[in-house]
S.K.: 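Quick one: the structure is below, and I'll ask about it shortly.
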Amino acid sequence: MNIKTILLSFVVLTGVCGRIFAEEMVVRVDKPGAYIQPTMYGLFFEDINYAADGGLYAEMIKNRSFDFPQALMGWDSFGNVSVMDDGPFDRNPNYVRLKAVNHPHKSTGLSNEGFFGVAFRKGESYRFSVWARSAGDKASKIRVELIDPSAVSESQAMASRTIDIDSEEWKRYTVNLAPESTVVKGRLRIFLESEEGCDLEHVSLFPVDTWNGHENGLRKDLVQKLADIKPGILRFPGGCIVEGTDLASRYQWKNSVGPVENRPLNENRWHYTFRHRHFPDYYQSYGLGFYEYFLLAEEIGAEPLPVLSVGLACQYQNDDMKAHVPVDSLQPYIDDALDLIEFANGDIDSEWGRLRVRMGHPEPFGLKFIAIGNEQWGEEYPLRLEPFVRALRDRYPEIRIVGSSGPTASGDKFDYLWPEMKRLKVDLVDEHYYAPEEFFLSQATRYDSYDRKGPKVFAGEYACHAKGKKYNHFNASLMEAAFMTGLERNADIVHMATYAPLFAHVEGWQWRPDMIWFDNLNSVATTSYYVQQIYSVHKGSRTLPITMGGRIVTGAEGQHGLYASSVVDDETNEYIVKIVNTSESARNISLRFKGLKRGRLLSEGRCITLASSDMDSDNSLENPDIIIPVESILDVSSETLSVTVPAQSFSVYIVK
Ligand code: AHR
């Protein structure tokens with residue numbers, strides 16, 4: 001046989017009969033392991049990157065109550081406009097007073113720039129609302145317009161309505177606007193149309209078509225993306241904003257409930273955290289508050305997981321004790337936690353339960369988990385957490401408590417806190433890791449050796465921050481997929497996992513990478529989103545052991561960059577195998593499902609693959625579908641499935 005014939009035979013054998021050389025993975029279907037928790041996999045929402053105001057929260061007007069420190073930030077005024085501070089809402093006292101200018105060619109009014117523009121779509125309807133009163137006993141009139149400042153048409157106004165303000169008492173007026181064209185960088189403009197002046201407060205504009213039609217609602221396209229993940233848990237409202245830059249600016253849930261007009265403004269630490277991404281107009285209106293978070297969790301089928309301050313302002317930003325509440329003064333903070341459980345679960349006779357009922361939700365929200373503290377560290381944390389745990393166990397023994405292991409996944413802080421969390425007997429420990437590629441590959445075995453007797457794990461914030469590439473790209477999401485085989489395999493101890501951060505406005509981000517990007521009209525799912533979605537939608541019910549060469553598949557020596565995990569779904573009667581191929585060559589794998597009951601064979605099957613020829617790219621608003629999961633049918637008829645796993649891909653094999 002000459003060399004040409006030998007080479008040709010090799011090509012034929014590996015190409016056509018690739019199965020001869022296939023590596024084998026064995027799935028033990030007769031050895032189901034731990035149950036997958038219903039809380040896997042979840043979402044972590046924080047108001048960073050304009051995720052709430054200017055994002056998920058569908059309000060289109062910035063500084064709608066004129067209570068930013070610069071009262072007219074976001075507004076341009078003309079004519080005779082002044083800011084007053086004795087308004088009808090005591091926690092948002094400012095409003096504007098409009099008076100006519102006595103000249104036929106001059107006018108009074110103001111216009112709002114929105115969040116990176118007021119964007120509106122032709123064919124949609126927008127609800128304008130305002131609290132107003134006439135200045136005297138005559139009615140006053142305003143004209144409200146949605147404008148395109150760059151319009152080349154005859155008029156800048158794409159929609160226009162007038163409102164008669166017919167009372168000297170404060171009243172809410174609403175009118176719907178239906179724009180004639182789609183405008184991305186529009187504005188809302190208000191003219192005073194009468195000689196009689198008027199006062200305006202809480203000037204608001206929402207799309208009518210919000211998620212589930214709620215008036216104080218959320219953007220439909222963004223919530224849909226959350227719902228499509230079928231999340232098990234929703235952690236909110238942060239993150240660092242829970243702690244605050246100082247104690248005064250910590251997130252206070254009691255300020256975020258009740259009538260939306262009277263929720264006081266809070267600054268958002270992300271407006272100044274990174275000087276190179278500085279957003280001086282970034283505040284929290286609390287329009288998306290704890291009631292709305294609970295409702296959102298309920299409507300997307302996730303367990304709510306609120307995070308509350310433990311009495312420590314951000315420890316990165318404060319190295320002295322001024323920002324730490326003394327342990328003997330923690331009671332108001334502990335009360336906040338107890339009252340929150342009453343708000344979520346209490347009946348109509350309880351003070352906070354009554355507020356929930358008044359806000360429109362007579363049924364309890366069924367809160368089961370609460371987290372105390374975000375990224376805390378040092379002795380000061382367990383010292384403060386302990387009285388919370390005591391009070392919570394005492395009053396609400398059924399509520400499961402989540403503690404923190406600090407800002408990193410290893411090191412002194414982490415090593416100190418885990419034993420402390422065990423001592424305090426919290427139910428879950430929240431771990432955070434924003435780390436490079438090697439971390440995510442090496443940590444696929446992270447939880448294999450964790451203590452099974454202590455608290456469970458909540459991988460509460462994680463994302464691959466690739467070296468020199470702190471932006472979304474396919475390779476980073478592939479690393480996350482490889483790592484997540486370890487979360488799945490360790491279902492007995494890993495009970496929750498949430499990628500972070502969730503959302504980013506393309507014009508207003510402070511932190512990258514993120515899971516979902518959006519502008520004012522559209523949104524796009526990244527490949528990290530699809531990795532999360534694939535794991536969540538195909539999470540199954542119980543783990544099944546999967547091995548290669550007799551060992552778990554974690555990219556170990558001889559496994560050539562392959563990572564795998566498998567589960568059985570008792571409801572659909574399916575075996576689900578996830579394989580991540582991080583190597584640069586396609587791999588022929590023979591998947592043997594060992595232990596099938598006698599006479600039972602695999603029947604139909606399908607495969608979902610996420611792959612890209614460009615490891616550096618990701619989906620964008622302009623090209624939202626360049627890397628999306630692709631589904632194909634599998635040829636299945638025996639107990640073994642032969643598959644070719646593409647190079648650098650994430651594939652899921654689902655067989656009946
Ligand atoms: O997700 C962004 C930030 O990262 C969170 O606010 C904080 O918890 C972590 O440091």
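Here the structure is a predicted model, which means the values were calculated and not measured. Indexing begins at 1, ligand by ligand and atom by atom, following the structure's order.
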S.K.: For atom 6 (O) of ligand 1, find the nearest protein heavy atom and state the residue, atom name and distance (0.1 Å precision).
M.R.: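 Of the protein heavy atoms, E46 OE1, 2.5 Å lies nearest.
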
S.K.: Is there a polar contact between ligand 1 and C240, counting only N or O atoms under 3.5 Å apart?
M.R.: yes

S.K.: Between the main-chain N or O of I626 and the side-chain N or O of N619, is there a donor-acceptor pair closer than 3.5 Å?
M.R.: yes

S.K.: Answer yes or no: is there a donor N or O on one side and an acceptor on the other, between the side chain of N49 and the main chain of F503, under 3.5 Å?
M.R.: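 Checked: pair present.
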
S.K.: Please list, in number order, the atoms of ligand 1 under 4.0 Å from a heavy atom of E375.
M.R.: 7 (C), 8 (O), 9 (C), 10 (O)

S.K.: Mark up the atoms of ligand 1 that fall under 4.0 Å of a heavy atom belonging to P501, in ascending order.
M.R.: 1 (O)

S.K.: Do E113 and K62 meet the salt-bridge criterion of a basic N to acidic O distance under 4.0 Å?
M.R.: yes

S.K.: Pick from T526, N623, T527, N475: which one makes a side-chain hydrogen bond (donor to acceptor under 3.5 Å, both in side chains) with D618?
M.R.: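 Of T526, N623, T527, N475, side-chain hydrogen bond (donor to acceptor under 3.5 Å, both in side chains) with D618 is met by T527 alone.
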
S.K.: Pull out every atom of ligand 1 sitting under 4.0 Å from any heavy atom of G239, numbered as shown with elements.
M.R.: 5 (C), 6 (O), 8 (O)

S.K.: If you have a sec, work out which protein heavy atom is nearest atom 1 (O) of ligand 1 and how many Å separate them, to one decimal?
M.R.: Y434 OH, 2.7 Å

S.K.: Just checking, any donor-acceptor pair under 3.5 angstrom between side chains of Y293 and S256?
M.R.: no

S.K.: Cation-pi check, R512 to Y471: give yes when NZ or CZ is under 6.0 Å from the six-membered ring centre and within 45° of the ring axis, no otherwise.
M.R.: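 Negative - R512 is either too far from the ring of Y471 or too far off its axis.
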
S.K.: Considering non-hydrogen atoms of the protein only, which is the closest contact for atom 7 (C) of ligand 1, and what is the distance?
M.R.: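 Atom 7 (C) of ligand 1 sits closest to the protein heavy atom E461 OE1, 3.3 Å.
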
S.K.: Give the atom numbers and elements of ligand 1 that come within less than 4.0 Å of a heavy atom of N374.
M.R.: 7 (C), 8 (O)

S.K.: Which atoms of ligand 1 sit under 4.0 Å from any heavy atom of W270?
M.R.: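 The atoms of ligand 1 under 4.0 Å from a heavy atom of W270 are 6 (O).
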
S.K.: Is there a heavy atom in Y316 that sits closer than 4.0 Å to ligand 1?
M.R.: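 So Y316 does not count as touching ligand 1.
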
S.K.: Could you tell me whether a side-chain N or O of R91 sits under 3.5 Å from a main-chain N or O of N262, the two making a donor and an acceptor?
M.R.: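 At least one qualifying donor-acceptor pair exists.
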
